[in-house]
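Order of the sequence lines fixes the chain letters, A, B, ..., with proteins taken first and strands second; residue numbering starts at 1 for each chain.
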Amino acid sequence: AQSVTQPDIHITVSEGASLELRCNYSYGATPYLFWYVQSPGQGLQLLLKYFSGDTLVQGIKGFEAEFKRSQSSFNLRKPSVHWSDAAEYFCAVGAISGYSTLTFGKGTMLLVSP
Amino acid sequence: SQTIHQWPATLVQPVGSPLSLECTVEGTSNPNLYWYRQAAGRGLQLLFYSVGIGQISSEVPQNLSASRPQDRQFILSSKKLLLSDSGFYLCAWSTLAGGRNEQFFGPGTRLTVL
């Protein structure tokens with residue numbers, strides 16, 4: 001069965017500092033990986049996705065993520081955090097082709113301190 | 001471009017009352033549709049998904065049901081609400097066009113059962 005682990009429930013980062021949110025997955029085939037962001041009371045917005053090719057993918061809002069097959073990880077990074085990045089972040093995994101549902105992690109809440 | 005709508009945005013209902021939440025998608029044909037529930041600290045729980053009109057798959061047995069009367073309409077219902085049904089309900093769509101499988105989320109409905 002597929003699963004996603006986001007080991008950090010909360011993370012606090014100072015504005016301007018770098019950010020890394022961890023995501024580990026378990027999947028029986030080549031995975032299709034996603035990061036979503038959710039502001040309070042809002043739906044989820046897709047930040048970036050990976051399904052093949054370059055293992056470092058760029059997303060919106062200055063975010064990037066690196067796929068490491070050997071570590072079953074897909075960590076999200078940003079070099080300099082802005083106060084507006086405070087939100088909850090979800091990692092998800094699914095099948096590359098054909099129909100499948102996505103499995104989401106439980107999320108990491110990012111707090112940005114001044 | 002595609003858009004997804006959910007209504008109502010917020011809802012307060014007494015225990016034992018019925019429920020109907022609606023989701024519609026514009027700008028795409030034959031989407032896969034999903035209902036998720038999000039409770040605090042528990043991430044996203046997939047409730048139902050649909051690959052076509054009248055085709056509903058249930059992921060979690062409970063007192064909720066879903067229907068898809070039209071290609072781009074997805075309805076979540078209950079005959080009698082429980083306190084445990086409170087939460088944030090998200091609708092999402094995806095398409096296999098181009099081999100992609102990412103999901104796009106609506107703005108959500110906040111349901112409070114008293």
Side-chain angles (χ1 to χ4, degrees), chain A residues 1-11 21-25 27 29-53 57 59-60 65 74 87-109, chain B residues 1-11 21 23 25 30-52 55-60 66 87-112:
Chain A
Q2 59 202 54
S3 66
V4 176
T5 301
Q6 294 180 247
D8 303 305
I9 298 175
H10 296 98
I11 282 186
L21 301 182
R22 295 183 291 166
C23 172
N24 292 97
Y25 67 90
Y27 197 71
T30 302
Y32 196 1
L33 293 156
F34 307 84
W35 275 99
Y36 287 86
V37 61
Q38 183 181 33
S39 298
Q42 304 294 314
L44 275 70
Q45 181 183 21
L46 181 65
L47 278 178
L48 48 78
K49 59 185 182 285
Y50 170 81
F51 63 95
S52 68
V57 294
I60 62 171
F74 189 56
E88 191 159 22
Y89 292 80
F90 293 92
C91 182
V93 66
I96 282 183
S97 60
Y99 170 76
S100 82
T101 58
L102 296 183
T103 298
F104 285 82
K106 293 190 175 183
T108 297
M109 180 65 72
Chain B
S1 65
Q2 301 88 4
T3 56
I4 179 169
H5 305 278
Q6 287 186 245
W7 63 88
T10 61
L11 190 60
L21 303 182
C23 170
V25 181
N30 196 30
N32 300 322
L33 296 172
Y34 311 82
W35 277 112
Y36 290 88
R37 178 169 58 203
Q38 189 176 26
R42 297 184 62 184
L44 277 76
Q45 180 185 34
L46 179 63
L47 301 176
F48 302 93
Y49 65 92
S50 171
V51 299
Q55 301 178 64
I56 308 295
S57 297
S58 174
E59 290 291 299
V60 182
F88 192 50
Y89 288 81
L90 290 161
C91 181
W93 71 273
S94 71
T95 177
L96 292 179
R100 297 179 293 176
N101 197 21
E102 59 260 46
Q103 294 181 17
F104 299 94
F105 286 80
T109 295
R110 172 72 60 189
L111 172 65
T112 303

Which pair of non-hydrogen atoms, one from A:L44 and one from B:F105, has the smallest distance, and what is that distance?
-> O-CB, 3.5 Å

Kindly compute the distance separating OH (A:Y36) from CD (B:E102), expressed to the nearest 0.5 Å.
-> 6.5 Å

Taking every heavy atom of B:F88 against every heavy atom of A:Q42, the minimum-distance pair comes out as CE2-O, 3.3 Å

Output the option from A:G107, A:G41, A:A92, A:G105 having the highest count of non-hydrogen pairs under 4.5 Å with chain B.
-> A:G41

Portion of B:Q38 that has a non-hydrogen atom of chain A nearer than 4.5 angstrom = side chain

Contacting moiety of A:Q6, where chain B heavy atoms sit under 4.5 Å = neither

Gap between atom OH of B:Y34 and atom CG of A:L102 - 0.5 Å precision | 6.5 Å

Where on A:L46 is there a heavy atom nearer than 4.5 Å to chain B: the side chain, the backbone, both, or neither?
-> side chain

